[in-house]
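One structure is given here, and the rest of the page talks about it.
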Amino acid sequence: MKEKENDMLQAKRYGLFGNLCFIARQTINSYPHLLLLCAFTVIVNTVIPVITTFLPKVVIESITLEKGIKETLFVTVVMTSILALCLGGKKFFEKLVFFHKLRMNTHYTELVARKGMTADYCNQETERFRKLQTESVASCDGNFSPVTQVYDIGNALCTSMLGFFLYFGILLRLNVDLVLFLVLITVVSYLLNKRVTRWLENHQAEKVGYQQKTGYLTQVSGDFKSAKDIRLYRMIKWLGDVYQKNIKGLSGWYGRYTKKVFGVALCDGGLSILREAVAYTYLLYLVFLREISVADFVLFFGVITGFSAWLSGMFGQVTSLQRISMTVNILRTFLEYPDDYLREGGLWTEGLRTGPKEISFSDVSYRYEGAEQDTLSGFNLTIAPKEHLAVVGLNGAGKTTMVKLLCGLTDPTEGMVCYDGIDVREYNRDKYYELFSAVFQQFSLLPVTFAEAVAEEEVSLINRERVEACLKKAGLWEKLVSLEKGMDSEYGKAVNDEGTELSGGQIQKLLLARALYRSAPIMVLDEPTAALDPIAESQLYETYNEVMKDCSAVFISHRLASTRFCDRIVLIEGGKIVEEGTHAELLAKQGRYYELYETQAKYYRENAS
């Protein structure tokens with residue numbers, strides 16, 4: 001299971017330097033001032049410890065050399081003033097950097113959201129893409145997200161490098177062997193910390209799996225749509241047990257991680273004690289030999305401590321950048337996930353929108369990722385312009401798959417789907433989508449005003465007369481007129497407590513109005529009324545049939561009686577068309593359609609009696 005999760009989350013290896021260049025390019029293109037602020041922050045953060053290290057030496061030398069109170073106070077005041085100015089500047093730049101980091105975080109969030117909304121729909125159906133998407137969202141989620149930590153760690157690394165080279169030059173005057181000893185201690189500490197980073201990399205997918213499951217359970221438990229099921233089926237204990245199981249798994253993961261970190265921290269502490277002991281001993285030895293003064297002792301000890309801190313910081317910051325680089329790898333893999341559909345270029349003329357054209361399926365087969373057999377196999381179908389076609393069959397027959405192929409949401413595994421005699425894959429895909437008004441069983445309506453929900457445009461761009469006409473055709477206008485703000489009332493209570501909730505049938509009418517406003521030449525209804533009773537479904541379908549008389553229409557249903565008004569009905573079983581004709585013709589054949597129709601009709605007759 002863990003190996004599978006690791007494979008699903010496998011990202012490209014762009015390398016640390018490549019990822020830093022990616023972050024730098026994104027920053028330059030979006031908020032270049034952030035890099036300038038980071039540079040100022042690095043300078044100030046380097047100056048502060050240098051002044052702090054040299055100030056005691058200067059004061060002690062002034063006292064021991066009896067330079068006088070005025071000179072001593074003057075030097076002290078000047079240095080402390082510079083220190084105070086730098087400390088104030090540090091706070092100022094940190095606040096500015098934090099603000100610009102939030103702006104960059106928003107930038108990355110927008111990139112991830114845009115990729116999720118524009119990626120080929122077939123990618124959304126793959127588990128690997130969804131896992132990469134989940135991790136990419138997490139990489140820029142919150143004010144202290146991994147992608148914004150890069151700036152803090154980058155500042156710290158540049159500061160450490162400046163301080164390291166400055167102190168390295170000072171210590172070379174003291175003893176080269178001591179410098180090598182300090183470097184050796186720091187390298188050993190880095191290698192120990194490297195083991196923790198490697199463990200994190202190898203076990204990242206396990207943590208992600210637990211987090212995804214607990215996040216999903218948290219979402220479901222607070223979802224209004226789940227509230228009735230949770231209570232009626234007494235799911236509270238079951239959901240709680242599943243949640244606790246995953247929390248225990250996550251706790252176990254963090255427990256193992258903590259043990260790794262504790263062991264390394266223990267070794268780090270021992271190495272630090274050894275470093276301090278050797279430094280103290282050597283400097284005291286030089287003082288007693290009168291090779292350095294007391295002031296030099298204070299300076300060199302501060303430099304040794306600072307040198308080790310700079311060097312250790314450099315290794316630690318590189319380790320942190322390597323850890324975050326794994327996250328950036330995932331983010332870049334997601335953002336650069338390959339899309340095959342033509343968007344730039346591709347065939348298109350505006351004449352294709354002037355009226356519905358012929359649609360054909362030619363020997364189409366389609367198999368989902370990981371499936372053992374085709375959902376559609378050798379599928380052939382032609383839809384004439386302005387024809388109203390019903391596609392019926394039992395659940396799992398392949399009806400929805402046919403709709404996705406028709407709309408260009410996914411491409412056939414074999415064969416081709418043609419519009420106006422041309423393979424759909426040759427069209428500009430975004431333009432091709434404009435040919436369809438679709439209402440799916442799983443729909444999306446934002447909690448905005450009814451006018452916005454119908455037009456799906458900015459308020460300033462909405463054609464209100466057209467919205468009104470569409471609502472009247474859909475049969476929802478009388479309901480909205482009864483509301484205080486009419487079409488400017490808000491739909492739903494998800495955002496506004498004063499919003500208006502609609503019944504199932506009213507929601508379908510709102511979706512119809514939205515489809516009418518789009519004014520596309522082809523209408524697709526993929527079982528949107530499955531939650532309605534058969535009579536309400538039949539009535540709504542007849543409304544659709546009437547208002548879409550100038551369009552091609554495809555009605556998907558598993559209720560055979562609901563689509564009797566269509567020009568033609570095709571029955572799908574096992575991914576193939578087994579019968580086709582009008583409702584009357586299919587009943588007269590007394591074949592498979594007749595059997596299914598009689599089975600459903602018998603059920604309703606028995607209920608009626």
Side-chain angles (χ1 to χ4, degrees), residues 113 116-119 121-122 124-125 130 219-220 223-229 390-392 395 399-410 430 433-457 462 466-467 470-471 473-477 479-480 487 489-496 499-520 522-534 536-545 547-548 551-559 562-563:
M117 292 187 290
T118 59
Y121 181 81
C122 59
Q124 287 281 5
E125 295 188 319
R130 291 196 301 272
Q219 179 184 351
V220 167
D223 188 0
F224 177 73
K225 294 179 181 179
S226 307
K228 293 189 290 292
D229 287 340
V391 181
V392 298
N395 291 333
K399 303 187 298 297
T400 297
T401 301
M402 190 212 85
V403 166
K404 289 189 288 189
L405 290 166
L406 169 67
C407 296
L409 293 172
T410 192
D430 290 331
Y433 289 150
E434 295 176 6
L435 298 174
F436 297 90
S437 289
V439 181
F440 297 106
Q441 185 173 351
Q442 294 180 333
F443 56 85
S444 173
L445 282 173
L446 295 177
V448 293
T449 66
F450 286 100
E452 290 175 280
V454 171
E456 292 194 325
E457 291 181 323
I462 295 175
R466 188 171 159 193
V467 170
C470 293
L471 287 168
K473 284 184 180 180
L476 192 61
W477 181 248
K479 168 65 178 177
L480 296 189
M487 71 169 74
S489 302
E490 290 193 4
Y491 162 70
K493 298 181 180 293
V495 175
N496 186 358
T500 302
E501 295 287 353
L502 299 180
S503 66
Q506 290 170 335
I507 288 175
Q508 294 304 321
K509 292 176 181 179
L510 179 61
L511 293 172
L512 172 57
R514 183 175 73 173
L516 290 171
Y517 187 91
R518 185 173 175 85
S519 189
I522 306 167
M523 181 73 177
V524 177
L525 303 175
D526 185 12
E527 299 199 71
T529 58
L532 301 182
D533 63 77
E537 180 186 52
S538 180
Q539 291 173 343
L540 195 60
Y541 270 179
E542 288 177 6
T543 302
Y544 273 114
N545 186 56
V547 299
M548 302 304 295
C551 302
S552 295
V554 178
F555 299 84
I556 309 295
S557 179
H558 65 277
R559 290 174 180 159
S562 299
T563 52

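Note that the numbering runs from 1 along the sequence shown for the chain.
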Are the side chain of E501 and the backbone N or O of K493 linked by a donor-acceptor pair below 3.5 Å?
yes
What I'd like to find out is whether the side chain of V454 reaches to under 4.5 Å of the side chain of I462, using heavy atoms alone.
no
Are any of the side-chain heavy atoms of M548 and L516 separated by less than 4.5 Å?
yes
Side chain to side chain contact (heavy atoms under 4.5 Å, CB included) between F450 and K479: does it pass, once the steps are laid out?
CA-CA 11 Å; F450 286 100; K479 168 65 178 177; over 6 Å; no
With the side chain counted from C-beta on, respond yes when F436 and V403 share a heavy-atom pair under 4.5 Å apart, and no when they do not.
no
Validation row: L510, F443 side chains within 4.5 angstrom (heavy atoms)
no
For E490 and P447, which heavy atoms make the closest approach, and how far apart are they?
OE1-O, 4.3 Å
Are the side chains of F555 and M523 in contact, using a 4.5 Å heavy-atom criterion?
no
Can you name the closest pair of heavy atoms from L446 and Y491 and give their distance?
O-CD2, 3.7 Å
For S437 versus A515, what's the shortest heavy-atom pair and its separation?
OG-O, 3.0 Å
Backbone N/O of Q124 and side chain of R130: donor-acceptor pair under 3.5 Å
yes
Taking C-beta and beyond as the side chain, do V439 and R514 meet within less than 4.5 Å on heavy atoms?
no
Kindly indicate whether the side chain of L525, heavy atoms from C-beta on, has any atom under 4.5 Å from the side chain of V554.
no
Count the heavy atoms belonging to other residues, nucleotides or ligands that lie under 6.0 Å from NZ of K404, then report whether that count exceeds 12.
yes
Could you check L511 against L445 for side chain to side chain contact (heavy atoms under 4.5 Å, CB included), going step by step and ending with a plain yes or no?
CA-CA 8 Å; L511 293 172; L445 282 173; 4.0 Å; yes
